[in-house]
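To start, the structure itself, in structure tokens.
Convention: sequence-line order gives letters A, B, ...; per-chain numbering from 1.
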Protein chains: 2
Amino acid sequence: MTDVAPPDRQTLAIRSAERTLLVLEVISRNRRRTSLAGIARDTGLDKSAVQRCAATLVSAGYLRQTADHKLELTPKCLELGYNFLISNALMERAYRVLMRLRREVGERINLSLFAGSYLVYAMRLTGKGEWELPMSLVGRRMPTYCTAGGRAMLSKLSDDEVLRVLETSTLHRRTPMTLTSPALILDAVRTARADGYAVVSGEAVAREIAIAAAVTDSHGKPIAAVHVSSELSRWDKAAFADHFAEPIVSAAGRLSFDAVPVDHARS
Amino acid sequence: MTDVAPPDRQTLAIRSAERTLLVLEVISRNRRRTSLAGIARDTGLDKSAVQRCAATLVSAGYLRQTADHKLELTPKCLELGYNFLISNALMERAYRVLMRLRREVGERINLSLFAGSYLVYAMRLTGKGEWELPMSLVGRRMPTYCTAGGRAMLSKLSDDEVLRVLETSTLHRRTPMTLTSPALILDAVRTARADGYAVVSGEAVAREIAIAAAVTDSHGKPIAAVHVSSELSRWDKAAFADHFAEPIVSAAGRLSFDAVPVDHARS
DNA sequence: CCAGGCCGTATCGGGCTGCGATACGGAACA
DNA sequence: TGTTCCGTATCGCAGCCCGATACGGCCTGG
């Protein structure tokens, strides 16, 4: 009986470390403080395994246990995001470009980063006269399929790639307006591809309209999106696009990395 | 020869997971993109070990490798910080309290969290008429021993505890004004303890003056600090304290958690 | 042009370390 | 007071990680 299971360990990844990161992620997603046994249920891991993983994360400083033996994240978790932001080349240039865009349009500006089936907020500038939110949204996850930023980024992929992203997404009807059919979403992406920007109204958040343009890397692949959002009551869709498309597309272009020449010429 | 080394594995922590988190931390701190061999040097780990750890972090989504085989953080790193912020009870109440304080004083407001020998920025509200920084400082680490926030938090500990924190800190002379002697720092902490707030001028950053008050948990232990900073040229030290001490102390008090009764009475 | 060094990648057998079962004490609840 | 669930600690086995090694590609310099 030595031939029982195909080992198929293709990856170099370390099992116990993977499980430890999984535990961290589950705790991170659970808004409420989590008990040890609860994590065992959520992850499908053994109780002993969770115990060891949690002890590792506590000793590394990412978790602490409260007085009632629950587990919660520590401020150290903030550092990782900060270090990402300051070490990222895109963020460096985004500073000036977004400030200028903010002066031009006077509305709330967002920059979010492409991560496949979802995107992550990375920067936010409040609109003129708008209350500043101390609780910034940096790090918040939004789906790709139903947001202006997501549509704009998808428009820089081929149809095949778009469909592959949609396959890995759960197409949830977030509002009555949300498109949940891959074919219809692909149509919207094609429109965005032709226009150079994407406008989405009321699909991700009810009564909100948003416009976005994609930032691309040196291969033309999407890495981020610049977007402006406002209330649907304040703008007609066409007027909204007329007003914001040009500055946003221009800013996204300035943020994009120049394409590398396709030939292999040397200097 | 079976009695060679005392195993002394006191902790439950998993070795390989600890090393994987160490690799992530080293990459996170290195502002520049890091090569695999470089990490091996920085961590003191075997090349193979780093290879496996990095592969684990890549497959978990926290790292990606660039075209030139360097390693860098991914946007996923932002999510951890976001989840910390929105799941933290202190942040929830800080929203309103800091907004009110901002209206009262009109200056830049910060909230940072206690983490022993250092503190972590968690919230920032820009001052009136001040340029908003798109690159927020949330997640940035500052030392405890030479900052107003740090001194205010230390003032809520006993002298012994203060000295223990200072022992684990590297007391670096950041400016010509920085106090680097534990005895002198302890004196400053005692002053802060008597006043209920801490004023530090030019010790962490040259030509900057800052004032802070500590936020405490239900046991009276420091968990955070509210601080306001400005340029040393604009304020005299006494005038600065006169002007900001009361509103900051008041805001920190509203943020603090009520003390639990010391007896064990049941309802 | 080639030799040398450095780096990233893949493989492999041995031994140690993580795995999971088990047990115990305390808290919450009925 | 009995029951149940949870957090914690322990232990022997074997599966998995460890670290050495080898290979190929890329620069650098002679």
Could you tell me whether B:K156 and B:E161 have a side-chain N and a carboxylate O separated by less than 4.0 Å?
-> no
Does A:N88 reach the main-chain N or O of A:F84 with its side chain, forming a donor-acceptor pair under 3.5 Å?
-> no
Between N or O atoms, less than 3.5 Å apart, protein on one side and nucleotides 12-15 of chain C on the other: list the pairs.
none

Base-contact (B) and sugar-phosphate-only (S) positions in nucleotides 3-9 of chain D, heavy-atom cut-off under 4.0 Å, - elsewhere = ---SBBB
In whole angstroms, the gap separating P of C:dG18 from CD of A:E18 amounts to 15 Å
For B:T74 and B:G61, the nearest pair of non-hydrogen atoms, with its separation, is OG1-O, 2.6 Å
To the nearest Å, how far apart are B:R15 CZ and C:dG18 P?
-> 7 Å
Side chains of B:S35 and B:H69: do they bring a donor and an acceptor to under 3.5 Å?
-> no
Between B:R100 and B:Y95, is NZ or CZ placed under 6.0 angstrom from the six-membered ring centre and within 45° of the ring axis?
-> no
Separation of D:dG15 atom P from A:R19 atom CZ, nearest Å, is 14 Å
Verdict with supporting geometry, B:D159 and B:R193, salt bridge (charged side-chain N to carboxylate O under 4.0 Å, His left out) | CA-CA 10 Å; B:D159 283 2; B:R193 192 180 294 146; 2.9 Å; yes
salt_bridge(B:E25, B:R19) N-O dist < 4.0 Å | no
Could you tell me whether B:R140 sits above the aromatic face of A:Y82, with NZ or CZ closer than 6.0 angstrom to the six-membered ring centre and within 45 degrees of the axis?
-> no
From CG of B:D46 across to P of C:dC16 the rounded distance in Å is 16 Å
